[in-house]
Amino acid sequence: MAASLSAVIDQVKFDLISKTQAAENAAKRKEIARTFISDTITVPTEEMYSYAAHASLGDDVYSIEPSTAALEAHMAKITGKEAALFMPSGTASNQIALRTHLKQPPYTILCDHRSHINKYETGGAAFHSGAALTAVIPSNGHHLTLADVKDNIITRTDVHFAPTEIVALENTLNGTIFPQDEIVAISRFAHSLEIKMHLDGARIWHVAVETGTSIKELCDPFDTASLCFSKGLGAPVGSCLVGPKDFIAKARWFRKLFGGGMRQIGILSGCAAYALTKNFPQLPRVHALAKKAEAGLEEIGASILSRAETCMVLYDPSPLGVTYDEIAQRGSALPEPLFLGGSRLVIHLQTEDAAVDDFLAIVRQLAKEKRIAGFIKPEGQFMDVYAKRIV
Ligand SMILES: Cc1ncc(COP(=O)(O)O)c(C=O)c1O
């Protein structure tokens, strides 16, 4: 080997597995088990990777990757749609769905003001599709109603206003379940005006488990739906967009155009299949743990801002004279720390039961200390769950 070639090889080579990697990964798993900030942090298990490593080895850009095609066919079947497309992320799935639906501005997408499409996709609807958003505050503080949609829909009658072309609903939203009869009513109304329905069903799995409703029934009122594998289901990457055959064929072009065409993704599809088979059935435990956290908080005297309908509970400790910062500081000071955000507690399939017990013990202890220090809960100052709007 020429001296210069071996020097080049030396410069390029890189071993990223540290000597302490196994211990670091074990510590990471522990951290995840005690983190309440999001369910997007769930990590693949060795069992998931072992299964996925046996997936097929095709190239999903040159042709159709076999394991991925099988996953897409399965997703089309369980959602009752004609076709499906594996996506690198939930954001890509939503944005490509919107882009594929929307052809010629001006137009508007109607959605809940708290929705991911409105708040957390970097203004993507405007950037990719030239769309305006009508971000509606639900009048009941929980979910959009048919009346909310009717009040905010923009018809093709007045040139001052960009007409509504899509109603995009999110289920679950902040962990809450959108009543299916309301979705059906909104869908009938939207379709009567030739307005498309899109579902951001990143966490639709939770609705299916909690209500015993099939994924197909939940997706039926929608023309297209996006479902994520990488949140509550614990896969490392991936979402699926489902819809009519022609629509998905066009979305495949947009996925490539946006740089989301992926090649040897059999291993990712394998992770998704594992998540559907092994992790989905674990969600009832997740919901039970979220309900346990909610019951404990209520019993201690915190306000519940949004109930643990699935895997999240939003709470307010101020009736106890306690702040989120105090709870987070106590949590991080434990020998096995807890990782907490503000009002939102997210439980996921890798949350350990002891983390919920430790969290409740901290809130209980802080409340006791505040009482001893003379804090008295003011009467009537705190609003109940639906009176206080979550943003
Ligand atoms: C409801 C909802 N939709 C879409 C997304 C986007 O998913 P991703 O982070 O994979 O882009 C998220 C992310 O958390 C989400 O919560």
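Every number for a ligand or one of its atoms is a count from 1 in the order of the listing.
- A salt bridge links Glu298 and Arg307; the closest N-O separation between the charged side-chain nitrogens and carboxylate oxygens is under 4.0 Å.
- Protein residues are said to neighbour a ligand when one of their heavy atoms lies under 4.0 Å from it; for ligand 1 these are Thr40, Ser89, Gly90, Thr91, Asn94, His116, Glu121, Glu170, Asp200, Ala202, Arg203, Lys231.
- Remark: Lys250 does not engage Asp246 in a salt bridge, criterion side-chain N to carboxylate O under 4.0 Å.
- Looking at Glu336 and Lys30, a side-chain N of the basic residue comes within less than 4.0 Å of a carboxylate O on the acidic one, giving a salt bridge.
- Here Glu165 does not pair with Lys196 in a salt bridge; the nearest charged N to carboxylate O distance is not below 4.0 Å.
- With respect to Glu170 and Arg203, no salt bridge is recorded, no charged nitrogen being found less than 4.0 Å from a carboxylate O.
- In this structure, the side chains of Ile37 and Leu340 stay at 4.5 Å or more apart for every pair of heavy atoms.
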